Amino acid sequence: MELTKNFEPAAVESKWYKHWLSQRYFNSKPDSRPPFTVVIPPPNVTGVLHMGHTLNETVQDILVRKARMSGFNACWVPGSDHASIATEAKVVGMLKEKGIDKNSLTREEFLKYAFEWKDKYGGIIYHQIERLGCSVDWDRTTFTMDDHYYKAVIKVFIDLYNKGLIYRGARMINWDSSAKTALSDEEVEYKDLIGKLYHLQYKLDTDKETYIRIATQRPETIMGDTAICVNPHDERYAHLKGVYAFVPLINRRIPIIFDEYVDLEFGTGALKVTPAHDINDYNLGLKHNLEVVDTINEDGTMSDAAQIYVGEDRFVARKKIIKELEEKGFLTKEEAYSTRLGYSQRTGVVVEPRISTQWFVKMKELAKPALKAVVDGDIKIHPGDKFLATYKYWLENVKDWCISRQLWWGQQIPAWYDADGKMVVAETLEEAKEIFHNQYSILNPTLTQDADVLDTWFSSWLWPTQVFKGITKPGNQEVKYYYPGSVLVTGQDIIFFWVARMVMAGMEYEKQVPFKDVYFTGMVRDKLGRKMSKQLGNSPDLLVLIDKYGADAVRFGIMVSSPAGNDLMFDENSLEQGRNFNNKIWNALKLLKMWEARQLGDGSRESGDGSRESGDGSWESGDGSWETGVGSTGHNSQLTSHDFAIHWFQNRLYKVKSEVDELMKQFRLSEALKTIYSLIWDDFCSWYLEWIKPGFEQPVDANTYSKTINYFEELMQLLHPYMPFVTEEIYHLLKEQRDDLCVKQFSAVKEADEHILSHGELLKQVITAIRDGRHKNQLKPKEIIKLFIETDNKENYTSIESILNKQVNADGISFTNKAIANTIVVAVENDKFYLQTDKELDTLTLKEDLLKDLEHQKGFLASVEKKLGNARFVQNARPEVIALEQKKKADAEDRIKTIEESLSTIS
RNA sequence: GGGAGCAUAGCUCAGUUGGUUUAGAGCAUCUGCCUUACAAGCAGAGGGUCCGCGGUUCGAACCCGUGUGCUCCCACCA
């Protein structure tokens, strides 16, 4: 089979994804294995996946695939969120384009359009999740407006109402006058800007023509003023006790009240109190029993109560009122003032504080167990405790949650009203009537349902439970098996919106935490550090990236630059690195395929072709009796060297496998990936394959070949959770496989032999040092050298002779016990290497380099000696630290001696 | 205004109870290679006042204090 020049992801990706689906590898049913449950943070149904989702989904897939390959029954539930405000806004916009006004439709008609819209665009995110290779159980796909889910939300509402945890009340809320809905505090975004502060004078109701001055940013609200407030300690106003003032333009008579809330320093020291339009004024109004005059309609226009400019938009009215105030002499001063304004996260309009009747959840009691779960460590937050403090603070200071939204897209609040305004809460009209009958003795009343729907988060907080029908069928087999989930992966920005509330719902309805670990990913920014957003247009299209680089490369790119919990600077550069990594692996495959054709069956070695059957991960190198340096010369030195390489790489694998396990346990996924990357690229490709590579068109012995194939398989398995497509493809190309990598179980981690590993490190160091010596002396790669080694441990080198020869292009190794004149001298630890060449050496440069090194070594020696000469150090430091310093000293002295010797050989 | 975090190579970051040779990786840069798996590559190299200052200690990138600069969260003074 002819392999292409480079790895070509497109066909491979769709082939394997289809295959995995057809084998139902991603589908989970309760069984005797331990579960590993992950519920996807459901993306907005009409949205597209942005890079933040890509990061989240990739992280989840890595954890899920790793668990699936480690004996767990992995279950990853996909789904989407109806996202009431965002989706309704989109549907309204779509209707507008068609020339349809939402207000001309009935609720039913509108919902029909909304569901059509959802069916049309809701598939996009699922397609993207699929292209990314996510191993989700598609049979479990859940939408937060599915029938069962809708019922669960209603059921919970009724339950909390009956427990007294949901109430209806008049409250100051954040009002979005464009969407005509209340917003939660979290949906308001504040922006700094320069506004204007207007100083107005209100005429006092006294005999004389006297005024009191106030300052306001919002002159259009003066018609809602019901008091003027000053500080009781303010001497300027002490004489105004019991005095009244008149609101300009409309001449309403209002009292002057006294409260310490007012800041003496700010403005004029007198505050106009407008309870209907400011949260602080509202609280002041409650305290002083002030009248509430609501002068602004729900669409942001002036109301009848304003008396003037009725029906005009609030900002238009502001301009006109300023003009009129000025003309009539009430405006005394205008000044620039930097302030913060709240904007609706959804529609972008300025949020209007407004009195409104809304539904609320009492949070205090629900918050307690949710706080305890995290404080007690039942839920562990990663990374570290970075977010613990924020989580705690929010729950300790939690405020009641406004859950009603003036929208149609969502779960309609199950409250029923009769003509007199009597209200009951019930799931159906019939039940409501029954309750009316029982409670009020009213038979068959005409009831209307509350028009509002519930906040989207009021459905999302049930997600970990209800995807397994835990609310609608409490205690069912599935929820008992899968709940609580193993890990929740989400963005740190929704820690309050979602994470804390899921914990509350979980504690309330399942009596245990919804997940054991929470992994917070950072925000994805562009490479300039800016948040990715539609407005900036700096968020790339995921599918375009996958087409360009391949899904594995995208996954690699986003993971390699993603330290846990920190923001990620997204740079396409890293995707390119991922693509190059694919190719590197692909090319290693091509090399092995070349060897496959010309293997050498070697009867003297224990494993012929038979060993190729040992695909169960249990191969061992020979009989395990590794002996260094025995019979290491002559014709079989190559085989001995191969044994070394095989033994060394086996142990590198053991070592890295346990490192990766440890890193992944700590959710340090980026580091685990880098570790695997380096094992494959550096240790496997750059070192191991070069060490065992046969000469040009020479055969490779069967044992080496089969071991190498097995290592390659193990590497692919190790990498598979990160890069599932390329690894599965190569696993099957390496040899005929009966199984799939996707579900191949990891073998137990074995302890590595540190001795062989450090021998390998020494070899690498020696090769690099000699190559550096060659390079510095302008020896061309093709120029052959003779190598002399001065060492106390000859067997270190005899066992790897052929590797060393090949890697430094030497034509033979000899040992010596003294310096050799006119050679390039290289030192590694205590061993010296003399590179002899026919080429004329640049002695000047050689000398310079040696002198530079000498200086460095002397400086180092001096610092060590200083340390050892310090009596207090010798007294206080631990013995092993002192021993180490003594070794440093001895080594440095040795090196200095070597350098001086070498210098003396240079004429 | 209150709180949290960060500051290490040109960039992005490691550095796991203070001591493993005067600090590591990837990317980028430079030098030499079209060596038959791979130029999307190979071999090598250079590059750091560990933000400033002060302290604790025999010893500090690491602990303490302080200053500066950035980021985030919370609150929302008319």
Side-chain angles (χ1 to χ4, degrees), chain A residues 3 5-7 185 188 190 197-198 214-218 221 229 261-263 265-274 278-281 337 339-342 386-390 393-394 397 492-493 495-496 523 527 529 560-563 566-569 571 573-574 576-577 579-595 666 668 670-671 674-675 677-678 685-686 689-690 693 696-697 767-768 771-776 778 780-782 807 809 856-857 859-861 863-864 867 870-878 880-882 884-885 887-889 891-892 895:
Chain A
L3 295 175
K5 182 174 183 317
N6 288 326
F7 177 64
D185 292 346
V188 179
Y190 290 90
L197 200 56
Y198 301 94
I214 57 95
T216 180
Q217 290 186 74
R218 303 198 53 194
T221 63
C229 189
Y261 165 75
V262 177
D263 184 348
E265 308 296 322
F266 192 89
T268 62
L271 168 72
K272 76 185 201 63
V273 185
T274 323
D278 184 284
I279 184 70
N280 300 297
D281 292 12
Y337 176 61
T339 184
R340 303 191 65 181
L341 270 188
K386 203 173 168 186
F387 301 108
L388 187 63
T390 355
Y393 182 85
W394 189 75
N397 299 283
Q492 52 190 260
D493 48 332
I495 185 164
F496 310 132
M523 207 188 304
K527 63 177 167 186
V560 81
S561 52
S562 164
N566 283 352
D567 286 358
L568 173 157
M569 308 291 175
D571 188 347
N573 223 328
S574 64
E576 211 172 300
Q577 197 188 343
R579 184 196 58 187
N580 295 352
F581 188 32
N582 275 333
N583 274 330
K584 186 70 186 177
I585 300 169
W586 184 251
N587 278 301
L589 172 76
K590 276 159 69 182
L591 180 66
L592 289 201
K593 284 285 135 182
M594 283 177 57
W595 294 354
Q666 298 167 21
R668 299 172 70 172
S670 183
E671 292 200 31
K674 286 177 190 169
T675 306
Y677 174 84
S678 164
C685 292
S686 297
L689 288 181
E690 293 299 331
K693 194 186 235 176
F696 183 52
E697 290 193 341
I767 291 169
T768 303
R771 282 173 174 170
D772 185 30
R774 292 181 56 117
H775 192 75
K776 281 207 174 101
Q778 277 99 41
K780 294 269 180 228
K782 278 178 185 153
Q807 295 265 281
N809 198 19
H856 178 263
Q857 291 298 334
F860 177 70
L861 179 64
S863 81
V864 175
K867 208 176 218 183
N870 183 335
R872 299 179 73 179
F873 169 72
V874 181
Q875 242 167 37
N876 293 320
R878 291 196 308 270
E880 60 266 32
V881 174
I882 296 171
L884 181 75
E885 290 301 319
K887 185 180 181 304
K888 283 188 203 171
K889 186 182 170 210
D891 287 353
R895 285 294 294 277

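In this text the structure is predicted, and so the values were computed from the model without any measurement. Lettering follows sequence order; numbering is per chain, from 1.
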**Q** From C-beta outward on Lys888(A), which listed nucleotide comes closest to its side chain: G19(B), C33(B), U21(B)?
**A**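 Nearest to the side-chain atoms of Lys888(A), counting from C-beta on, is U21(B).
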
**Q** For His856(A) and U21(B), what is the distance between atoms NE2 and P respectively, to the nearest whole Å?
**A**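 The answer, rounded to whole Å, is 12 Å.
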
**Q** Using whole Å, report how far CD of Gln492(A) lies from P of C72(B).
**A**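 Distance, rounded to whole Å: 10 Å.
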
**Q** Should Lys593(A) and Lys590(A) be marked as a side-chain contact (heavy atoms from CB on, under 4.5 Å) after you check the CA-CA gap, both sets of side-chain angles, and the distance that decides it?
**A** CA-CA 5 Å; Lys593(A) 284 285 135 182; Lys590(A) 276 159 69 182; 5.5 Å; no

**Q** Looking at Asp772(A) and Lys776(A), does any basic side-chain N land under 4.0 Å from a carboxylate oxygen?
**A**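 Judged by the 4.0 Å cut-off on N to carboxylate O distance, Asp772(A) and Lys776(A) do form a salt bridge.
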
**Q** Rounding to an integer number of angstrom, what distance separates U56(B) and C64(B) when you compare their P atoms?
**A**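 Going atom to atom, P in each nucleotide, I get 15 Å.
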
**Q** Strictly by Watson-Crick or wobble contacts shorter than 3.5 Å, is anything paired with A7(B), and which nucleotide is it?
**A**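 When the pairing criteria are applied, U68(B) turns out to be the nucleotide that pairs with A7(B).
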
**Q** Of all the choices, A78(B), U21(B), C33(B), which nucleotide is nearest to the side chain of Phe860(A) once you look at every atom?
**A**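 Per side-chain heavy atoms of Phe860(A), the pick is U21(B).
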
**Q** Nearest whole Å is fine: how far is U17(B) C1' from Arg878(A) CZ?
**A**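 To the nearest whole Å, that distance equals 10 Å.
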
**Q** Just the rounded figure in Å: distance from P of A78(B) to CD1 of Ile214(A).
**A**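 Ile214(A) atom CD1 is separated from A78(B) atom P by 12 Å.
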
**Q** Whole-Å distance between C72(B) P and Asp493(A) CG?
**A**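 Between P of C72(B) and CG of Asp493(A): 12 Å.
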
**Q** Base, sugar-phosphate alone, or nothing: which one does Gln778(A) contact when heavy atoms must sit under 4.0 Å apart?
**A**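 If one applies the 4.0 Å heavy-atom cut-off, Gln778(A) turns out to touch nothing in the nucleic acid.
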
**Q** Partner of A75(B) by Watson-Crick or G-U wobble geometry, both contacts under 3.5 Å, or none?
**A**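 Because no pair has both required distances under 3.5 Å, A75(B) counts as unpaired.
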
**Q** Which one is paired to A39(B), where only Watson-Crick or G-U wobble pairs with both distances under 3.5 angstrom count?
**A**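 Paired with no nucleotide.
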
**Q** Rounding to an integer number of Å, can you tell me how far Arg895(A) CZ sits from U22(B) P?
**A**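 In whole Å, U22(B) P and Arg895(A) CZ are 13 Å from each other.
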
**Q** Please encode protein proximity along nucleotides 36-44 of chain B as a string of B, S and -, counting only heavy-atom distances under 4.0 Å.
**A** BBBSBSSSS

**Q** Is A25(B) paired to anything, Watson-Crick or G-U wobble with both distances less than 3.5 Å, and if yes, which nucleotide?
**A**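 In the structure as shown, A25(B) has U12(B) as its Watson-Crick or wobble partner.
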
**Q** Whole angstrom is fine here: how far is it from CE in Met569(A) over to C1' in C6(B)?
**A**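 One finds 11 Å between C1' of C6(B) and CE of Met569(A), rounded.
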
**Q** Provide the distance between the two C1' atoms, one in C6(B) and one in A14(B), to the nearest whole Å.
**A**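 That atom pair is separated by 15 Å.
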
**Q** Looking at side-chain heavy atoms only, is the closest gap between Arg771(A) and Gln807(A) below 4.5 Å?
**A**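 SC-SC contact between Arg771(A) and Gln807(A) confirmed.
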
**Q** Between Thr221(A) and Lys272(A), is any pair of side-chain heavy atoms under 4.5 Å apart?
**A**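 Yes, side chains in contact.
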
**Q** Classify Leu271(A) by what it touches in the nucleic acid, base, sugar-phosphate, or nothing, heavy-atom distance under 4.0 Å.
**A**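 It contacts base atoms.
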
**Q** Given the C1' atoms of C38(B) and C33(B), what is the spacing between them in whole Å?
**A**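 Their C1' atoms lie roughly 15 Å apart.
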
**Q** Looking only at atom P, what distance separates G3(B) and G10(B), rounded to whole Å?
**A**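 That atom pair is separated by 35 Å.
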
**Q** Give me the distance, rounded to whole Å, that separates G41(B) from U35(B) when you measure between the P atoms they each carry.
**A**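 After rounding to an integer number of Å, I get 16 Å for this pair.
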
**Q** Which part of the nucleic acid does Val262(A) contact within heavy-atom distance under 4.0 Å: base, sugar-phosphate only, or nothing?
**A**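 Result for Val262(A) = base.
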
**Q** With respect to the side chain of Arg668(A), which nucleotide from U22(B), U16(B), C58(B) is positioned closest?
**A**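 So the nucleotide nearest the side chain must be U16(B).
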
**Q** For C62(B), which nucleotide in any strand shown is its Watson-Crick or wobble partner with both distances under 3.5 Å?
**A**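 Because no pair has both required distances under 3.5 Å, C62(B) counts as unpaired.
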
**Q** Please state the P separation for the pair A9(B) and G48(B) - nearest whole angstrom.
**A**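 Between the two P atoms, the distance is 10 Å.
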
**Q** Tell me: CD of Glu885(A) to P of U21(B), nearest whole Å?
**A**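 From Glu885(A) CD to U21(B) P: 10 Å.
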
**Q** How about Arg218(A) and Thr274(A): do any of their side-chain heavy atoms sit closer than 4.5 Å?
**A**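 Counting from C-beta outward, Arg218(A) and Thr274(A) never come under 4.5 Å.
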
**Q** When you measure from the side chain of Pro781(A), which nucleotide among U16(B), C33(B), C27(B) comes out closest?
**A**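 Nearest to the side-chain atoms of Pro781(A), counting from C-beta on, is C33(B).
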
**Q** Within the 4.0 Å heavy-atom criterion, would you say Gly342(A) contacts the bases, only the backbone, or no part of the nucleic acid?
**A**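 No contact at all - Gly342(A) keeps every heavy atom at 4.0 Å or more from the nucleic acid.
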
**Q** Could you check whether Lys674(A) pairs with Glu671(A) (Lys NZ or Arg NE/NH1/NH2 to Asp/Glu carboxylate O, under 4.0 Å)?
**A**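 Salt bridge: no.
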
**Q** Tell me whether the rings of Phe7(A) and Trp586(A) are parallel (<30°), tilted (30 to 60°) or perpendicular (>60°).
**A**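 Because their plane-to-plane angle lies in the 30° to 60° range, the rings of Phe7(A) and Trp586(A) count as tilted.
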
**Q** Any side-chain heavy atom of Met523(A) sitting closer than 4.5 Å to one from Leu568(A)?
**A**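 No. Closest side-chain heavy atoms not under 4.5 Å.
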
**Q** Is there a Watson-Crick or G-U wobble partner for U56(B) with both distances under 3.5 Å, and if so, which one is it?
**A**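 Base-paired to nothing in any strand shown.
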
**Q** At 4.0 Å (heavy atoms only), tell me whether Tyr393(A) reaches a base, stays on the sugar-phosphate, or touches nothing.
**A**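 Contact class for Tyr393(A): sugar-phosphate only.
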
**Q** Answer whether the closest heavy-atom distance between the side chains of Tyr677(A) and Val560(A) falls below 4.5 Å.
**A**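 No; the side chains remain at least 4.5 Å from each other.
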
**Q** Would you classify Asn870(A) as touching base, sugar-phosphate or nothing, given that sugar-phosphate means primed atoms plus P, OP1 and OP2, and contacts are heavy atoms under 4.0 Å?
**A**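 The answer is sugar-phosphate, as Asn870(A) gets under 4.0 Å only of primed atoms, P, OP1 or OP2.
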
